[in-house]
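What follows is a short report on a single structure.
Quick caveat, the model's predicted, so the values are computed rather than measured.
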Amino acid sequence: LASSYMIPRTIGMARAKELMYLGDRFSAEEAKQLGLVNRVTDPSNLMPEAIKLAERLVLLHPEALSHSKRIINHHIRRDLDRILDAEQDAVSRAMAATGG
């Protein structure tokens, strides 16, 4: 999932280490405060909120949206395979060391 790459860049190294080392659970509202999610909504309001966002996105020119997406994701895509391999290796080693 590349969480070792994305989370420190989103919430800072110190908070990322605390979350990843301790594995504490946190609420949706806490995730929003950390910047891990953009919005929190009641489950019964999920589809209406998603539709509102989709209606806004559909009004944008697809070419402009595509270029914006490409620029934003460029660095992540460049490093993603290496990051995913490193994460898989770390998970495998941890599982082997702890017996699964």
Exercise for the section: Under 4.5 Å between side-chain heavy atoms, chaining through other members, with only Ile, Leu, Val, Met, Phe, Trp and Tyr counted: pull out the rest of the cluster around L19, sorted by chain and number. Expected result: I7, I11, F26, L34, L36

Keeping the roles fixed (side chain from [X], backbone from [Y]), state whether a donor-acceptor pair exists under 3.5 Å.
X   : Y   : value
E87 : S3  : yes
T98 : A94 : yes
E30 : S27 : yes

Minimum heavy-atom distance between [X] and [Y], given as atom pair plus value:
X   : Y   : value
R39 : L53 : NH2-CD2, 3.6 Å
N38 : K32 : O-CE, 3.8 Å
I83 : S4  : CG2-OG, 4.1 Å

Completion exercise
Quick note, side chain to side chain donor-acceptor pair (under 3.5 Å) partners involving residues 52-63, not counting sequence neighbours, are E49-K52, E63-H67

Handout entry: Partner of K17 under side chain to side chain contact (heavy atoms under 4.5 Å, CB included), chosen from R15, M13, M20
Key = M13

Practice task
Decide yes or no on salt bridge (Lys or Arg N to Asp or Glu O under 4.0 Å) for R82 and D79, but give the supporting numbers first.
Solution key: CA-CA 6 Å; R82 180 180 53 81; D79 298 332; 3.8 Å; yes

